[in-house]
Each structure stands twice: as C-alpha cells, then as structure tokens.
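Read the structure below first, then the notes.
Everything numeric here is computed off the predicted structure, so don't read it as measured data.
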Amino acid sequence: MLNGLKKRGGMVRKRARIVWYAGCGIVLTVSLLVLLIGHGGKSGKPVAHPNALEAAWSVRVPERALDTADLAPALSGTMLMIPQGRWQESRGRMLSIVDTRDGRLLSTLKNSEDKFAPLGFSDGVAFAVDGKLGLHAYDPANGRELWHKTAFPITHQSSDAGGASLLPDSGLVIKSARHGFVGLEPRTGAVRWRMPAPERCEKATPDGDPYEVATTSKHLILLSKCTGVDAKIEAVNLDDGDIDWKKTLGRWKKSAMLNVGRNTFSVTLDSESRLFTESGREVRQRQPDPQSFPLPMAEAHGVTYFNFGDLYAVQTDTGKTLWQRSRPEHMYSSDAISLSSEVIVGDSESSNPALDGTYGSDMTRTSVGDARSQGPGTSNLTDFAGKQSFRVPWPVAGTFVGVSGKLLIVRSEEEEGTRYTALRPSRRASDAEKPVALGGAKRTDWPDACGLLSSKFLSKLGRDYIKVPLASSRTVLGTRLPHPSVCRFVTKSGADSDIFSVTVRWVAPSAKAAQIYATSGVPWGCEPAPQNRCLTAEATNPQRGVYLYTKRTGLALTPAANATVASGRFVVGVSAGTNEARTKALVRRVALRLSHYADPDRTP
C-alpha cells in the first residue's frame, strides 16, 4: 500500500511498523454526517487546475482518537480503517471500515484483545493485528474474518528482533528474522512463496542493517548494502517470489538509502541518487541539491513524478524534465507529499499526523500571534500539468491523514468524538472580492479584530486597556485584508496577566460551518494522557459556540488560558499569557462577549 504516504515527507525506510499506545475507550456507534458543502464537482473528468477543497462527506465516531490508542488509521484507494476503543467494557477493541468513495460505513471489526490495530489493505482484504501479535484478515464488505495466523508474529520492533508486514496491492509479505520473507495469499492466508533474507555482512554497516526492503505496487524491492561490497537491488515478483530483475549499483562509504513510491523507487548511495521505475527502467536525472535525495511518488502514462526538494515531472523513457515546480516558502522539504488520482498534494500544516494523532499546527493556531498560522489547515495542490495552487484552505481544522482515490482525508478531534472528513479538489473562479485563499469569503467579511470589543465593554473590565493591532496580520494565506485580524489588548498599568489577544481565525461560509470548524479546532486533549504526550485537556463548553481550555505553550510548556468562539460565520480566538484564576475569568468574560458579536444587542 501507500505506506510512504503515512510518514512525514514520505521518508519511509522500513514499511508498516506498528506503534502501540494504551488508551481508554467507550461503546462505539457510528453516525454519518454530511458536512459544510455538498457534492460539487461530481463529474468523472479530472479537475482543471484545482484551487479549492470541498467537503465531500464526513464520518464522526463518538470517541476521540487520542483516547482510544493514538493509532494511525489505514487508507487504501477506496477504504479507510479507523481504530476505535472498547466495544463493551473489558471486551476488547474494534475497528471501523468506511468506503471512501461515499463515506458509507461498510463494517465493524471486533477483537477480544485489549490492543487491536489496523494494518492496512491488500487486494480488497483488510488486515489487523491483535495484542498477542496475531495477524487477522477480514472481508471489509461485511466484517467477516477470513483467516488469522500466529505463526508469523508482527511486531513494531526492528526486523532482527521480530517481524514486519508489507502490504502491496496484490498480496501480503511477512518479514521476520526466523522466516525471512513469506508471501501470503490475501483472501486465504496460504503461503505463495518463501525467500530467505540476505546473509549478514562480514563487516558491520554504519547503520547496522545489512539490507533495506520495501514494496511498490507489484514488487518487493530489496537493497543489499554490506560495507566494502557493491550495493545491489533485486525486484521480487509478489505473485511467485521470483526475481524479475536485479542491478548492481556500486560501492558506497557512509550511507545507503531506499525510498519507495507507488510504482517507483530511488536508491541513494552517499551523495548520488538514482531513480527507477517498477520495471527496472532508470530515470536519469541530475541531482539539483547534493544534500537532498529524491522521494518518488508514482509513474503514470510515461511520466515519473517525484519530490527532489522541488517537484519534478520527468519523461520516463528519455529522462527529460517536463516541468519543475519550486516548493513554496512555507512548505519545508520534509512536508508530506502525496499523490491522488488527480493532483499532487503537499500538506503544509501538520507534522506526522498519521502517526502521532496530535495537531501539528495547534501550537501556533491557538497561540497569541499571527493569524496566518491560526487559520485552518491547508494543502498545496499541483495538477499533473504542473499548475499549482498554494495554501488551499480546508473547511475543517485537523490533520492530514492521506489520500484515497481523488480525495484528501483529514482527521479532527471533537469534544466527544473524532471526525474524518473527505476533501474533494475543485475549481473556484478567481474573484478579487472572494479570493480562493479565503475559502470564498469576501475580504470585507473579515472584521477588524480591534473592533470586536467596544470601549464601553473594555471599561467594564476595570482596566485601562489600549488596543494594539498586529500589522502583519492583515495578510492571511497570502491575501491582503482591509483590517488586522489580530489585536492585543494591553494595559497602561497592571499585571501581565491582564493582557489578552483576540484573533479572527476564520470566516466560514455559514454559521453551521463556523461551528463545526470551531469544534474541530479546539485541542480537546485526552484522559488519561498517553506517555505524557497529551497536554491540552481541561476544555469546557459554557454555552453553545464558546470553548474554554488551557493550552500549554513554549519550551517550558507553560499553561495559558485560551478560548475559541463561533459567532455567526466568525471563528475567533482569545489567548492570554497565564492560567491564573483571574486570567481564566477574563478570557471567559471576553469569549462570552464575542459569542454575541453577530447579535450586538444581546449583551451577556
């Protein structure tokens, strides 16, 4: 499968490692909700130069992902497997499988073990592992278990200590120190073929591994890399275990690395990188940056697409560069690059979302400061002709999970559940008054952050407040606004705890959309905190549209009072520097006032 899409930057060297974290769960029920925008763009034709993302569907499970086990969901081209908590008290855990084409719940998988994690999909079969390292195969259409095995244990440890799984399109491969490589038939579990692992090196390699292995859609790619010996690659046919082709790559000294895309892969020996298609054709391409290495994505219709610091499209048979697109300034080289069936997606906000379950942009989205980093998550969209749209906003907050077919999948935490939303690339006509970067809202729809609170209200707070607009906040997602979107309220005299900030985070297309966005943007946290990684609990909801919480910020993880408010179409944030009782009371009072901004005659 596209396991390389699940790790930040696609820098996947060992596939399908499984991360186990303990968590607590509740009874699962699944409800399907249509979110925000309808099914625009239903035509089967590719979207011309997409510059917008619309919500195609959303699935909400009434249990927070961080509370369940903090496990990564699994994606295929047509299905999503969601990890869930206990289906009955002390009765094990469960997984839900959703058809990503329409958001329909297909089946629910149950296991009596306390740990039960999604592994992935292959040849229309869903795979999961239990707490005793047993491997289970299911029919996703009805949840029926097809078979299970314990003979080939799967662990998240290194390949020398246990086993690992590889899930290409057409089968399942188990790698373990005891068995070498074993190819299994997906629907029956029958052994298709066996192949011993390469022998250990006479001289230890710098990283300690004698080989690296990963899978494309149809091959197991094996890179043998013993020190002082020529590095070699072998492409093993997943149907019968035969070697379709092999190549000798030459000597190396310090580093040897294998990076795999769907049907392309690259091998980097020291500072030299070579890019190959699944058939063994080498795509010759000069290396633009000696410090970088190519991250392959796919080869289709005679064109190979890969990320080499910049994005490249290369004619496969000639190696001719068809186009090269620079990486946006805000997008780091390690940011996730994914390939849907229609566009190349650059996730420019979240960090390693598929694994850690937390929100990479929450630390900035809910902090005092620039609204440019406090808006919704965004993605960069590049069509196959090389036309780009930078920082296309999502209609929800959350983290990027991956792509499935034509859709981008985003995960959002909510007060009592987790929402998975499918975003469809679309085309919105350019409009100076309604720029696409603002999700179709008018520039003039964005209010002046300093004007949200009247002088009369500020005087009631009992402090001599001065409004300090943040000039740089007049630019949001590259769009110039008529007013600053961030305003600090400071006192001429008094304690720092009296200072607070108000940020217009987003202007949604409707009040309902603003409510959903605000809910999904609150860092709800988790109870209990797994391995001290969850630092955003204590969220409360005193009235509809107002969310108060403690956010830990800075290197010292200092707690600070915060609020998110949905008022009409506006999503507004309130932030303060401490979490003292008086500061929390101040933030609460300001948040309640802002909740009535759309109806100024009502004063709390």
Side-chain angles (χ1 to χ4, degrees), residues 1-3 5-7 12 14-23 25 28 65 68-76 79-87 91-98 106-140 143-169 171-191 213-215 220 354-357 401-402 530:
M1 304 303 297
L2 300 178
N3 289 348
L5 300 182
K6 295 183 181 177
K7 287 189 178 286
V12 181
K14 295 181 179 297
R15 307 287 294 261
R17 296 174 183 268
I18 300 174
V19 183
W20 294 103
Y21 295 105
L28 171 71
T68 55
D70 195 16
L71 297 173
L75 268 176
S76 73
M79 288 180 285
L80 166 68
M81 186 163 20
I82 302 172
Q84 289 298 300
R86 300 182 183 277
W87 55 279
R91 289 291 302 276
R93 296 190 178 275
M94 62 197 306
L95 307 172
S96 298
I97 300 180
V98 173
L106 295 176
S107 59
T108 299
L109 316 180
K110 298 179 181 180
N111 189 281
S112 60
E113 291 295 321
D114 185 59
K115 295 180 180 179
F116 187 46
L119 190 60
F121 301 92
S122 180
D123 200 20
V125 177
F127 293 93
V129 290
D130 63 34
K132 295 182 179 179
L133 308 180
L135 173 64
H136 299 259
Y138 298 90
D139 185 337
R144 180 173 63 89
E145 184 174 76
L146 300 175
W147 54 268
H148 72 271
K149 290 180 179 291
T150 57
F152 306 109
I154 315 298
T155 75
H156 67 276
Q157 303 295 325
S158 68
S159 57
D160 291 334
S165 63
L166 303 165
L167 283 167
D169 289 354
L172 171 68
V173 178
I174 302 299
K175 178 188 70 171
S176 70
R178 183 170 59 156
H179 298 284
F181 298 100
V182 181
L184 301 181
E185 168 63 40
R187 299 201 67 86
T188 66
V191 175
V213 64
T215 55
L220 182 146
L355 289 184
D356 63 22
V401 174

Taking the side chain as every heavy atom from C-beta outward, state whether V213 and V173 have any pair of such atoms under 4.5 Å apart. no
Distance in Å, I174 CD1 paired with L166 CG, rounded so as to fall on 0.5 Å steps: 7.5 Å
Excluding sequence neighbours, so at least two apart, what forms side chain to side chain contact (heavy atoms under 4.5 Å, CB included) with A128? L95, F116, Y138
Minimal non-hydrogen separation, G143 against S107, with atom names: N-CB, 3.3 Å
So, T108 side chain and S96 main chain: donor-acceptor pair closer than 3.5 Å or not? no
For the atom pair CG (N111) and CG (D130), what is the distance rounded to the nearest 0.5 Å? 5.0 Å
Roughly how far, to the nearest 0.5 Å, is CG of D169 from OG of S76? 9.0 Å
Check the pair V125 / L172 against side-chain contact (heavy atoms from CB on, under 4.5 Å), numbers first and verdict last. CA-CA 10 Å; V125 177; L172 171 68; over 6 Å; no
Any donor-acceptor pair under 3.5 Å from W147 side chain to P186 backbone: yes
Restricting to salt bridge (charged side-chain N to carboxylate O under 4.0 Å, His left out), what partner residues turn up for R187, sequence neighbours left out? D139
Which heavy atom of P140 sits nearest a heavy atom of L106, and at what distance? O-CB, 3.4 Å
Straight-line distance of K149 NZ to L184 CG, nearest 0.5 Å: 6.0 Å
All heavy atoms of A126 vs all of M81, minimum pair found to be CB-CE, 4.2 Å
Atom of A137, atom of F127 and distance for their closest heavy-atom approach: CB-CE2, 3.7 Å
